[in-house]
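Have a look at the structure that comes next, please.
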Amino acid sequence: MPAITAPVILIASHKAKPFNLSLPGSNSSNMSLTITAFVSLLTISLLSTPSTSSLESFVFGGCSQLKYISGSPYESNVNSLLTSLVNSATFTNYNNFTVQSPSSSQDTLYGLFQCRGDLSNGDCARCVASAVSQLGTLCLDSCGGALQLDGCFVKYDNISFLGVEDKTVVLRKCGPSINGYESDAFTRRDAVLDYLGASDESYKPYRVGGSGDVNGVAQCVQDLSATECQDCISDAVGRLKTECGPAAWGQMYLAKCYVRFSERGAHSHGGNDNNNDDEIEKTLAILIGLIAGVSLLIVFLSCLRNACERGKDGKY
């Protein structure tokens with residue numbers, strides 16, 4: 001299934017007037033204003049269009065060692081399940097499916113997806129479609145697979161895992177230790193993590209918190225009960241405090257939940273500030289190139305206009 005990607009620039013909705021190249025009667029200042037306005041509009045489009053590349057950034061993935069036979073009923077069930085996940089992601093941020101085969105119970109398949117709690121339906125759908133596409137490459141002909149992107153999680157298997165708590169550590173990432181880490185920085189970090197791991201007896205599968213320049217996010221897979229969700233997040237918080245120490249940022253992914261924090265950046269659209277910086281740098285590079293190209297076009301058209309006017313004066 002091909003990945004669904006968002007275009008970088010959306011300008012099709014703006015109806016551009018045809019550009020008249022009858023330069024002898026044109027006004028160069030008006031032409032400059034028109035092109036400048038176009039560049040301004042393009043700049044706004046580039047800066048305001050949300051980028052989904054960070055949401056689709058690979059975090060971790062794994063595949064079953066068991067393989068199914070191409071063309072088998074199991075392959076048909078895998079395709080049906082993954083299609084259902086992608087379709088469902090257009091209107092909800094979590095769902096699970098069971099695909100049963102009438103011929104054999106061994107062909108029964110279980111799967112789910114979950115998007116980060118702050119994503120729109122459109123971003124969720126794009127992320128899940130990208131995850132399913134990547135799974136098709138990563139876990140080719142595998143009976144089961146799981147993939148965590150920055151914005152969503154997808155898993156399928158022929159062994160039921162739905163509603164089963166699993167606190168196995170899948171991925172631990174700690175940022176560089178900060179020399180001379182201040183005690184108040186520890187206090188802010190622990191305050192954020194304690195808030196994420198706290199229980200108020202309500203079901204909160206997605207949680208965010210912040211204190212000063214420290215931000216954090218936690219989420220459990222929604223097939224867990226409220227008690228299991230709380231238990232998983234609390235365990236991830238404890239491990240993160242212990243194993244990441246005085247780090248500038250940290251991420252702890254368990255099989256059914258994750259917790260991450262960052263001292264210098266917000267959690268939105270990814271916990272890695274470097275991804276956001278890269279996107280800004282790419283956008284600025286595009287803008288600089290466009291402005292330079294338009295400037296050269298203005299100079300060329302102005303020279304062309306002057307040449308045409310000189311030719312006109314020569315004729316008359």
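Owing to the predicted nature of the structure, the values given are computational and were not obtained by experimental measurement.
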Nearest-0.5 Å distance, CG of residue N95 to CG of residue N87: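 Reported to 0.5 Å precision, the distance equals 11.0 Å.
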
So do the side chains of K256 and E165 get within less than 4.5 Å of each other, counting heavy atoms only?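 A side-chain contact is absent here, since even the closest heavy-atom pair is not under 4.5 Å.
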
Can you tell me how far CG of D223 sits from CG of L112, rounded to the nearest 0.5 angstrom?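 Between L112 CG and D223 CG, I get 5.5 Å after rounding to 0.5 Å.
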
Can you list the steps and then say if Y110 with Y156 is a ring pair (Phe, Tyr, Trp, His ring centres under 6.0 Å)? CA-CA 5 Å; Y110 311 88; Y156 72 95; over 10 Å; no

SB check D194 K241 (cutoff 4.0 Å):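 Looking at K241 together with D194, the answer is yes, because their closest N to O distance falls below 4.0 Å.
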
If the threshold is 4.0 Å, N to carboxylate O, is there a salt bridge linking E56 and R126?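 Not counted as a salt bridge, because no side-chain N and carboxylate O are separated by less than 4.0 Å.
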
Within-4.5 Å side-chain heavy-atom neighbours: K173 and W249: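 When only atoms from C-beta onward are counted, W249 and K173 do touch, with a gap below 4.5 Å.
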
Keeping the roles fixed (side chain from R172, backbone from V169), state whether a donor-acceptor pair exists under 3.5 Å.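 No, the answer is negative, given that no donor and acceptor are paired below the 3.5 Å cut-off.
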
May I ask you to test the V259-L193 pair for a side-chain heavy-atom distance under 4.5 Å?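 SC-SC contact between V259 and L193 confirmed.
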
Just verifying a value: how many Å separate F60 CZ and Q148 CD, rounded to the nearest 0.5 Å?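 Separation between the atoms: 4.5 Å.
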
Please check this pair: side chain of S225 against backbone of E228, looking for a donor-acceptor N/O pair closer than 3.5 Å.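 Flag set: sc S225 to bb E228 pair under 3.5 Å.
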
F97-L147 co-clustered via ILVMFWY side chain contacts under 4.5 Å: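 Cluster IDs for F97 and L147 match.
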
Among pairs that include at least one residue of residues 68-117, which meet disulfide bond (SG atoms under 2.5 Å apart), considering only residues two or more places apart or in two chains?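 Qualifying pairs: C115-C124.
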
L240 and F261: which non-hydrogen atoms are nearest, and at how many Å?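 Smallest heavy-atom distance, with atoms named: CD2-CD2, 3.7 Å.
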
Taking less than 2.5 Å as the test, are the sulfur gamma atoms of C220 and C232 close enough?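 Between C232 and C220 there is no disulfide, given that their SG atoms are not under 2.5 Å apart.
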
Cation-pi geometry met for K155 and F113 (6.0 Å, 45°):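 Because its charged atom misses either the 6.0 Å distance or the 45° angle limit, K155 does not stack over F113.
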
Can you sort out the partners of S199 under side-chain contact (heavy atoms from CB on, under 4.5 Å), two or more places apart, ordered by chain and number?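 E201, Q230.
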
Kindly compute the distance separating CZ (R239) from CG (L254), expressed to the nearest 0.5 Å.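 Here the rounded value is 6.5 Å.
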
